[in-house]
Amino acid sequence: KTGSIALEDIDSLAKTAYPLCMRQLHSALREDHHLKHGGRQQYGLFLKGIGLTMEQALKFWRTEFSKKMDGDKFEKQYAYNIRHSFGKEGKRVNYTPYSCMKIIMGTQPGPGDYHGCPFRHTDVKLLKQRLASYKIPAQGIEQIADLVKGYHYQLACTKYFELTHNIDKDEVSGLSLQHPNQYFDASMDIQS
Ligand code: SF4
């Protein structure tokens with residue numbers, strides 16, 4: 001599937017096919033024209049997982065970052081890391097996108113950080129507000145909040161999937177969400 005996603009489609013995919021963690025990273029990037037290290041890692045590898053080529057990834061990050069910094073600085077400070085994550089620099093390890101478990105158990109986001117799992121790391125009150133702004137019905141928001149309070153983060157995410165794809169529980173029960181890229185692929189399957 002590498003190369004099957006067009007960069008122009010990413011904004012709309014972020015709304016329709018991204019799990020909440022990646023939607024949060026994408027909108028922070030678009031708003032701030034920057035993401036801190038933890039966010040770049042989590043989102044960058046996810047983008048690689050949905051099929052961006054290295055050239056597309058470089059273009060994607062350069063376009064956004066250069067709204068706030070000059071192109072030279074981007075090349076010096078960030079381009080290397082992007083190539084590195086595609087296994088083209090340094091030890092040439094081909095890094096894999098983070099699983100839900102890795103994100104959930106990973107470093108707690110600090111101020112100005114957007115990485116992490118919103119079901120795990122966002123204050124429940126704020127999470128509920130955000131879900132409401134995404135037009136999730138009130139009853140669904142309560143169901144998600146209950147799952148979060150019971151520490152069932154991936155089930156909360158599955159519920160979010162169900163509500164944003166207008167399908168019922170039986171259809172997603174086979175999902176058993178373990179990975180943000182699995183979420184994306186399942187969404188694309190439904191939408192296609
Ligand atoms: Fe992302 Fe996984 Fe959390 Fe869903 S459960 S928001 S896919 S980390």
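Computed from a predicted structure; not experimentally measured. Start at 1 with the first residue, then count along the sequence. Side chains are part of it too, since the values below use all heavy atoms of this structure and drop only hydrogens, waters and symmetry mates. Both ligands and their constituent atoms are indexed starting at 1 by order of listing.
Nearest protein neighbour of atom 3 (Fe) of ligand 1, counting heavy atoms only, is C117 SG, 2.4 Å. At the top of the distance list for atom 2 (Fe) of ligand 1, counting protein heavy atoms only, stands C100 SG, 2.4 Å. The protein atom (non-hydrogen) at minimum distance from atom 4 (Fe) of ligand 1 is C157 SG, 2.3 Å.
The side chain of F119, and not its backbone, has at least one atom closer than 4.0 Å to an atom of ligand 1 (non-hydrogen atoms only; side chain from C-beta on). In C21, the parts holding a heavy atom less than 4.0 Å from any atom of ligand 1 are both the side chain and the backbone.
Between H34 and F65, the gap from one ring centroid to the other is short of 6.0 Å.
Taking the centre and axis of the six-membered ring of Y160, the NZ or CZ atom of R23 falls outside the cone set by 45° and 6.0 Å.
Side chains of H152 and D146: a donor-acceptor N/O pair is absent below 3.5 angstrom, by distance only. E31 and S27 share no side-chain donor-acceptor pair at under 3.5 Å.
Of all the atoms in ligand 1, the ones that sit under 4.0 Å from a non-hydrogen atom of P19 are 7 (S).
Taking the six-membered ring where tryptophan is involved, the planes of H84 and Y80 are essentially parallel, since the angle between them stays under 30° and well short of 60°.
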